[in-house]
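See below for the structure under consideration.
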Amino acid sequence: MSSYDDDDPFEGALSLTQRAMQAMQGGPAPYLEGLNPAQRAAVEALDGPVLMLAGAGTGKTKALTTRIAHLIHSGRCRPNEILAVTFTNKAAREMKERVGRLLGGAIEGMPWLGTFHSVCVKLLRRHAELVGLKSNFTILDTDDQIRLLKQLILAANMDEKRWPARQLAGIIDGWKNRALTPERVKGAETAAFNNRGSELYAAYQDRLRALNAVDFGDLLLHMVTIFQTHADVLAQYQRWFRYILVDEYQDTNVAQYLWLRLLAQGHRNICCVGDDDQSIYGWRGAEVGNILRFEKDFPGAVVIRLEQNYRSTEHILAAASRLIATNEGRLGKTLWTEAKGGEKVRLIGHWDGEEEARWIGEEIEAIAAGRRPVGAVQLSDQAILVRASHQMRAFEDRFLTIGLPYRVIGGPRFYERLEIRDAMAYFRLAVSPEDDLAFERVINTPKRGLGEKAQARIQMMAREAGLSLFDAARRLVAAGEIGGKAGGQLRLFVENVARWNAEIRAASPATATSPAEDDDALIELDEGAVPPANDHSHIRLVERILEESGYVEMWQNDKTPEAPGRLENLKELVKALEQFENLQGFLEHVALIMDNDSAEGEDKVSIMTLHAAKGLEFPVVFLPGWEDGLFPSQRAMDETGQKGLEEERRLAYVGITRAEELCTISFAGNRRVYGQWQSQLPSRFIDELPAAHVEVLTPPGLYGGGFGAAGAFGGAGSGFGGGSRMEERASRADVYNSPGWKRLQSHGAPPPRPTTVTTVDHVAFGIGDRVFHKKFGYGEVMEIEGDTLVIEFDKAGAKHVKAGFVTAADAAGDVPF
DNA sequence: GTTTCGGTTACGGAC
DNA sequence: TAACCGAAAC
């Protein structure tokens with residue numbers, strides 16, 4: 001065990017321990033103060049299996065991080081002997097920071113705190129050869145995965161249209177989630193994917209191995225395989241990881257479950273934290289059963305419930321609790337709060353989705369202006385949580401129009417963007433020219449005249465000679481077998497890649513191909529992220545790669561409106577490299593990083609899906625689109641029936657419990673679905689809200705104000721408003737019988753419109769009118785040709801625009817509505 | 001080899 | 001509706 005005592009990789013860890021020891025000599029652990037009894041119990045039950053059932057907003061992370069601090073502080077183990085896994089990088093980061101703060105500022109020193117995937121990557125790099133890989137394997141993302149599968153489907157002579165690669169990817173992911181290797185699948189599920197599923201799965205795994213690559217599912221699957229087939233390796237880690245902690249346990253799939261169970265088998269020092277009511281990832285393989293079964297898996301487990309909520313008002317909590325109570329098979333928790341009073345959950349119906357967006361926009365502005373009885377007035381205190389990402393558009397459109405700053409969380413991610421993936425492929429190729437997938441991606445990007453024919457020749461040469469595509473290309477160039485312009489371009493490409501690679505090797509000879517192998521000492525540097533002491537030569541190299549490859553030039557010459565943004569993103573990518581010591585470290589990091597919460601400081605409204613909102617909280621929350629079919633989602637109900645409906649209900653529960661002070665649920669009577677207008681029914685979940693904790697608002701645009709104000713939802717005595725009857729629930733029937741409701745549904749073919757809002761379609765514009773366009777901004781009408789206007793925009797210049805896309809800008813520069 | 005066209009599909013999404 | 005993809009047109 002001397003290898004880590006005198007080596008420096010653990011320096012952070014040791015200093016953390018030392019600091020903890022010093023703190024201990026100073027008296028009892030200070031961090032234990034401020035915990036409530038349940039939290040304290042969860043922190044102090046250090047040995048043996050513990051299940052922490054932590055309701056929304058009950059201080060789960062506090063308990064978890066304090067527990068880690070306590071493990072270290074009490075001398076039970078060193079930081080590097082704790083395995084702590086989360087699902088997202090964000091959660092891992094937050095945990096690291098908070099543990100560090102508890103123990104006095106150190107954030108390094110916990111090499112095994114990370115996501116399931118990042119921990120598995122580290123382990124798998126160490127034991128790659130046991131599953132036929134080299135330790136420098138690459139990690140494919142979904143995009144690469146699909147392209148690979150497409151090739152295999154075509155190779156199997158199947159019609160890619162009838163049997164799309166996406167679907168096969170889903171099937172294979174499902175198998176991997178359940179820890180099924182191709183051999184295990186063979187017997188069962190032979191009917192999958194036109195009876196070819198298991199065969200294609202096997203072919204895919206072979207192909208991955210040949211490429212020295214893995215997909216995300218493999219990270220877990222391979223480790224489970226290794227643990228199951230190499231008792232010595234498993235035993236080594238069982239000894240090493242003396243304490244195991246798992247966050248969001250309700251979201252674990254079978255593979256993760258097996259992985260954890262194998263590791264915990266010996267000492268059983270495993271603490272799982274979760275909330276069965278917040279299990280919302282069943283559709284991607286999560287098994288609520290894992291958490292429901294914990295006490296059976298680990299007999300004698302201590303079960304601790306965190307039920308005191310510190311986040312929401314009593315109305316919000318009551319609404320959420322009542323709703324979730326409809327689900328069956330819960331472990332059961334009773335959330336309570338000391339907070340009294342506050343606003344009731346608000347409910348409002350709208351004519352259509354656009355009006356809903358308009359109303360929410362106004363409401364957000366009213367709150368930001370302090371015109372609503374909530375303490376929070378920042379835009380960043382407010383969030384809109386939708387069921388499906390396509391719902392975001394109505395809000396984006398509206399907010400662009402009125403100039404309300406917003407931020408979409410979890411949209412298309414930075415590292416998934418086309419230009420970033422292209423650039424990354426160049427970097428991958430420079431680091432390892434034998435990366436065939438990277439080669440394929442950029443060989444003709446920018447266009448080098450190397451089309452299908454030329455690429456087929458490279459492929460053939462590679463297959464015949466057993467070479468990588470790059471080496472095959474090099475050989476073809478050397479032999480002068482590809483002539484003309486293409487030949488010259490290919491030569492240039494090959495020379496470039498070879499040169500870049502040589503420079504990388506010269507810069508860091510040790511890491512270029514074969515990482516040091518020291519299986520005994522489980523020593524790991526913490527990620528590739530290294531602060532200063534960095535000459536930034538790799539930054540200059542990367543800039544040159546982008547220049548010399550012609551990639552930057554390609555976008556500079558591109559006249560499409562996206563091009564400038566893409567160049568901007570490339571700059572950002574180069575900047576991100578500054579955090580890393582070398583290119584290899586960066587590539588490793590990026591493969592597992594999916595969140596991009598850059599520019600968090602700005603004051604903007606957040607828009608995100610309910611899934612993305614888990615773990616977050618906001619003073620003000622809007623929950624639009626509560627309509628049957630949309631939420632609960634028809635697809636979820638079709639796929640898994642009652643089970644799906646219950647998961648949707650948990651999603652609703654997650655949504656409501658994100659709110660601290662004010663929660664507003666809304667629905668629309670009409671909505672466009674796939675371009676078709678449909679009339680909608682309010683969500684059945686609205687029936688399940690407790691009337692006493694809900695206030696029904698009157699929608700705008702309904703003359704007479706009958707809806708809500710005059711007793712919609714039953715008025716006093718039959719639903720909302722009957723404050724004394726906690727158990728009384730709102731009913732959709734109340735909605736239908738209300739005078740306002742009939743006006744919320746359209747009855748004919750024409751696209752519905754809010755009755756009292758004037759649309760601009762038929763507003764006649766004149767030459768010289770000031771107008772507003774949501775993309776181009778303000779401008780002046782120069783010419784009119786039928787319904788097309790020629791507008792000189794202040795910022796964007798002259799454009800031809802259909803009249804329907806602009807609104808009249810009044811003198812104040814404001815927008816109508 | 002590249003661009004355009006037309007038919008199809010989409011709307012749960014972390015790593 | 002719009003975005004995407006493969007096939008036909010250029």
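Both backbone and side-chain heavy atoms feed into the values below; hydrogens, waters and symmetry mates do not. Proteins get letters first, then strands, A, B, ... in listed order; numbering begins at 1 in each.
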Any donor and acceptor pair, going by atom type alone, linking the side chain of A:R448 with main-chain N or O of A:K485 inside 3.5 Å? no
Set of residues satisfying side-chain hydrogen bond (donor to acceptor under 3.5 Å, both in side chains) with respect to A:D277, sequence neighbours excluded: A:R330, A:K333
Salt bridge (Lys or Arg N to Asp or Glu O under 4.0 Å) with A:D173: which residues, sequence neighbours excluded? none
Mark yes or no for whether A:T657, through its side chain, and A:V654, through its backbone, hold a donor-acceptor pair below 3.5 Å. yes
Please work out which of the three classes, parallel, tilted or perpendicular, describes the rings of A:H117 and A:F216, given edges at 30° and 60°. perpendicular
Identify each atom pair where a protein N or O and an N or O of nucleotides 2-7 of chain B are less than 3.5 Å apart, giving names and distance.
none

Check whether any side-chain nitrogen or oxygen of A:N89 sits under 4.0 Å from OP1 or OP2 of B:dC15, and answer yes or no. yes
Examine the base of B:dG13 for any acceptor or donor lying under 3.5 Å from a partner atom in the side chain of A:R284, and report the outcome as yes or no. no
Can you confirm whether A:E553 is buried at CD, in the sense that more than 12 heavy atoms of other residues, nucleotides or ligands lie under 6.0 Å from that atom? no
List in numerical order all residues of residues 608-617 of chain A for which some heavy atom is under 4.0 Å away from an atom belonging to DNA chain B. A:T609, A:H611
Taking side-chain hydrogen bond (donor to acceptor under 3.5 Å, both in side chains) as the cut-off, I'd like each qualifying pair that reaches into residues 147-157 of chain A, sequence neighbours left out, listed once. A:D144-A:R147, A:Q151-A:E440
Where do N or O atoms of nucleotides 3-10 of chain C meet protein N or O atoms at under 3.5 Å, pair by pair?
from	atom 1	to	atom 2	distance (Å)
C:dG6	OP1	A:K150	NZ	3.3

Mind checking if A:Q145 touches a base, just sugar-phosphate, or nothing, with heavy atoms under 4.0 Å? nothing
Would you call A:W283 stacked on B:dG12, i.e. ring centres under 5.5 Å apart with the planes less than 30° off parallel? yes
Within the structure, does a side-chain N or O atom of A:S389 lie under 4.0 Å from either OP1 or OP2 of B:dG13? yes
Is A:D215 salt-bridged to A:K176, cutoff N-O under 4.0 Å? yes
N/O (side chain, A:R635) to phosphate O (OP1/OP2, B:dG12) under 4.0 Å: yes
Between A:R398 and A:E356, is the closest basic N to carboxylate O distance under 4.0 Å? no
Give a yes or no on whether a salt bridge exists between A:R635 and A:E639, defined as a side-chain N under 4.0 angstrom from a carboxylate O. yes
Rounded distance (Å) that lies between atom P of B:dC15 and atom CD of A:Q256: 12 Å
Sticking with atom C1', work out how far C:dA3 lies from B:dA14, rounded to a whole angstrom. 24 Å
With C1' as the reference atom in both, quote the distance from C:dC5 to B:dG12 in angstrom, rounded to an integer. 23 Å
Apply the test ring-ring contact (aromatic ring centres under 6.0 Å, His included) to residues A:F493 and A:F439: give CA-CA distance (whole Å), side-chain angles for both, the deciding distance (0.1 Å), then the verdict. CA-CA 10 Å; A:F493 181 79; A:F439 184 94; 5.8 Å; yes
